[in-house]
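The analysis underlying the following values was restricted to heavy atoms, covering all of them including side chains, and did not include hydrogens, waters or symmetry mates. Keep in mind that what you see is a predicted model, and the values were worked out from it rather than measured.
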Amino acid sequence: MIGLRLLPIDRYPQITPPVVRISATYPGASAMTVSQAVATTIEQQINGTPGMLYMQSNSSNSGSLTINVTFDVNTDPDLAAVEIQNRVKLAEARLPAEVIQNGITIEKQSPSQLMSLALVSDDPRFDEIYLSNFATINVLDVIRRVPGVGRVTNVGSRYYGMQIWVYPDRLANMGLTVKDLQSALKDQNSESAAGEIGKQPVLDVDITLPITAQGRLSTVKEFEDIVIRANPDGSIVRIRDVARVSLEAQSYSTESGLNGKNAAILSIYTLPGANAMEVAKKVREEMHEISKNFPQELEYMFPFDMTEYIADSIHEVYKTLFEALFLVVLVVFLSLQNWRAALIPIIAVPISLIGTFGFMLMFGFSLNMLTLLGLILAIDIVVDDAIVVVENVERIMEEEHLPAREATHKAMRELSGALIAMALVLAAVFIPVSFLPGITGLLYRQFTITIVVSVLLSAVVALTLSPAMCAIILKPAKAEKKYCIPQDQPMAGSGE
């Protein structure tokens, strides 16, 4: 019962091969340049990684690169990510400096998406950029802290960014290049330590003050006032003279919406082995608390939730499980015509099934469609052991007129070898399926092992609990009443 409470609930077993994703950006480069200068270099290093099946790379004209490396299903995803990170580090010496400066992201791809969270609003003030930025600042980090959540991604990714749109003609007329503009941005938009006043070994100073210099710029006007060049005649060329500065979306490569309205979409993924039902419940509770501080006209919803399908599927499987158990009990009672005899299989079958949950927890299984299906099929198998014991004990009690205890001893001397042989034969049928390689083996492993464990537990119960209950519960059949008529009493119709 403890195992049943602790087992994770999922739709299917974790059979998705581990995937490690590598993301890099080469600003201003074409797809061909990214492929030749970045993708080829990284691919040469990661090729031949232990456990790797294949890799797929995608280079775009926006300068972005994405490489998905797929590993064998038996590979540890954490070790695979570390191995890929080490090999990418070796490739950095041959990569362009701009790529390294923007950073190379290496992350594990979560096997399945749990749910999607959408922030929507009918207020025109809350456009897509505002919603995406609001979700990143106020929602995304909170959801990441929910136990069981593996990864949360902003689908639209419309963060605020300071965009500088350069006028090429003005830049050329003033004899400037984009490189000059980038150098000015780098020099005047940075945090720097300006020093301290009154620090030792200066004497006769009682106070030490740090010097605070202007650091990162934050407004459009501050960026417009950046000096690109100071001419000998005293004139100054600023960014606003050669470019237009605006605070808007950082990128326009992706966008998100819901039902024709602006929306920020967050995709939520679970950790391997997490209880999907429990994680979804905690996410909804967190969103209920966060939404209390939302601005008016801002709402949230879950347009996609895998747990709804999981709950319906698990409910139907549970329903089938109890229906099968009820039918087995009914058939046993009708066939034995004795409530005492029917009570023994009724007790033995649930014990075998409940005991299976403990082994499922030890093996790292989950409650999913396949394991529950295995339990449903196991009901018809495990009930046979208890019925065989009960029927044989009743037969000996009726034929040899022995008490329940002696009849049970004699019945078990006849049945012990048969019960053990039957359990081993059934185990020999299902166990080889669990050794199938690849995804097929993972898919059927939990199914077959669940049946085997329940069958073996049923054999143990049939050898221990069932005969003990037979000796205690079963009673000998009552002798038939015989009526005799005295000799001296006249019979009806004799005329006397």
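No donor-acceptor pair closer than 3.5 Å links the side chain of Glu83 to the backbone N or O of Leu79. Judged by distance alone, with hydrogens and angles left aside, the side-chain atoms of Asn68 form no donor-acceptor pair with the main-chain N or O of Arg21 at under 3.5 Å. Thr33 places no side-chain N or O within donor-acceptor distance of the main-chain N or O of Ala29, the cut-off being under 3.5 Å. When atom types are taken as modelled, the side chain of Asn189 and the backbone of Leu185 share no donor-acceptor pair closer than 3.5 angstrom. The closest donor-acceptor contact from the side chain of Ser291 to the backbone of His288 lies under 3.5 Å. Distance alone, capped at 3.5 Å, places no donor-acceptor pair between the Ser458 side chain and the Ser454 backbone. The main-chain N or O of Glu98 is found under 3.5 Å from a side-chain atom of Asn102 such that the two form a donor-acceptor pair. Within the 3.5 Å criterion, the main-chain N or O of Ala135 finds no donor-acceptor partner in the side chain of Asn138. Ser434 places no side-chain N or O within donor-acceptor distance of the main-chain N or O of Phe430, the cut-off being under 3.5 Å. Although no hydrogens or angles enter the test, the distance criterion places a donor-acceptor pair under 3.5 Å between the side chain of Thr219 and the main chain of Glu222.
Taking 4.5 Å as the limit, some side-chain heavy atom of Leu367 sits within range of a side-chain heavy atom of Met360. In this structure the side chain of Ile104 reaches within 4.5 angstrom of the side chain of Leu95, judged on heavy atoms. With contacts defined as side-chain heavy-atom distances shorter than 4.5 Å, the pair Met306/Phe304 qualifies. A 4.5 Å side-chain heavy-atom check between Val20 and Phe71 finds at least one atom pair inside the cut-off. For the pair Val461/Asp385, no side-chain contact is recorded, criterion being any heavy-atom separation below 4.5 Å from C-beta on. Contact of the Glu248 side chain with the Trp165 side chain is registered, since non-hydrogen atoms from C-beta on lie closer than 4.5 Å. Using a 4.5 Å heavy-atom cutoff, the side chains of Thr41 and Gln45 are not in contact. Val245 is listed as a side-chain neighbour of Ile239, based on a closest heavy-atom distance under 4.5 Å.
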Which is it for Tyr167 and Val242 under the side-chain contact (heavy atoms from CB on, under 4.5 Å) test, yes or no, and what are the steps along the way? CA-CA 6 Å; Tyr167 300 122; Val242 295; 5.7 Å; no

Start with the C-alpha gap between Lys108 and Asp78, add the side-chain angles, then the distance that decides, and say whether salt bridge (charged side-chain N to carboxylate O under 4.0 Å, His left out) holds. CA-CA 8 Å; Lys108 298 178 296 183; Asp78 295 323; 2.4 Å; yes

Show your working on side-chain contact (heavy atoms from CB on, under 4.5 Å) between Asp180 and Arg229 and close with a plain yes or no. CA-CA 8 Å; Asp180 297 329; Arg229 186 179 66 190; over 6 Å; no

Dump the intermediate steps for salt bridge (charged side-chain N to carboxylate O under 4.0 Å, His left out) on Asp225 and Arg240, then the final yes or no. CA-CA 7 Å; Asp225 292 338; Arg240 62 169 174 264; 2.2 Å; yes

Hey, mind stepping through Ile143 and Ile268 against side-chain contact (heavy atoms from CB on, under 4.5 Å) and telling me if it holds? CA-CA 8 Å; Ile143 299 300; Ile268 303 172; 3.9 Å; yes

One pair to check against side-chain contact (heavy atoms from CB on, under 4.5 Å): Phe357 and Leu7. What are the steps and the verdict? CA-CA 8 Å; Phe357 294 123; Leu7 280 172; 3.9 Å; yes

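A salt bridge is absent between Lys221 and Glu224; no separation between the charged side-chain nitrogens and carboxylate oxygens falls under 4.0 Å.
A donor-acceptor contact under 3.5 angstrom links the side chains of Ser116 and Gln113, judged on distance only. When only modelled atom types and interatomic distance are considered, Asn154 and Thr136 share a side-chain donor-acceptor pair under 3.5 Å. No donor-acceptor contact under 3.5 angstrom links the side chains of Asn58 and Thr66, judged on distance only. A donor and an acceptor atom, one from each side chain of Arg94 and Gln44, are located under 3.5 Å apart. Counting only N and O atoms by type, the side chains of Glu43 and Ser57 include a donor and acceptor under 3.5 Å apart.
For the residue pair Thr450 and Thr356, the shortest heavy atom distance occurs at O-CG2, 3.7 Å. Taking each heavy atom of Met287 and Phe302 in turn, the nearest pair found is CG-CZ, 3.9 Å. Minimum interatomic distance between Thr153 and Arg151 (heavy atoms only, all atoms of both residues): CG2-NH1, 2.7 Å. Gly48 approaches Arg87 most closely through the heavy-atom pair O-NH2, 3.9 Å. Nearest approach of Ser59 to Leu65, heavy atoms of both residues: OG-CD1, 3.5 Å. Minimum interatomic distance between Pro295 and Phe134 (heavy atoms only, all atoms of both residues): CD-CZ, 3.8 Å.
One finds the CG atom of Leu353 at 9.5 Å from the CG atom of Leu457 (value rounded to the nearest 0.5 Å). In this structure, CE in Met301 is found 7.0 Å from CG in Asn259, a value given to the nearest 0.5 Å. In this structure, the separation between CD1 on Ile46 and CD1 on Ile84 is 5.0 Å, given to the nearest 0.5 Å. In this structure, the separation between CD on Glu308 and CE on Met115 is 8.0 Å, given to the nearest 0.5 Å. Interatomic distance, CD1 of Ile67 versus CD1 of Ile22, reported as 5.0 Å (0.5 Å rounding). Atoms OG1 and CD, on Thr70 and Gln56 in that order, are 8.0 Å from each other to the nearest 0.5 Å.
When the shell of 6.0 Å around CZ of Phe359 is examined, it contains 12 or fewer heavy atoms from other residues, nucleotides or ligands. Within 6.0 Å of atom CE in Met1, 12 or fewer heavy atoms from other residues, nucleotides or ligands are found, so the atom counts as exposed in its surroundings. Within 6.0 Å of the OH atom in Tyr444, the count of heavy atoms belonging to other residues, nucleotides or ligands does not exceed 12.
Relative ring orientation between Phe363 and Phe365 is described as tilted, the plane-to-plane angle lying within the 30° to 60° band.
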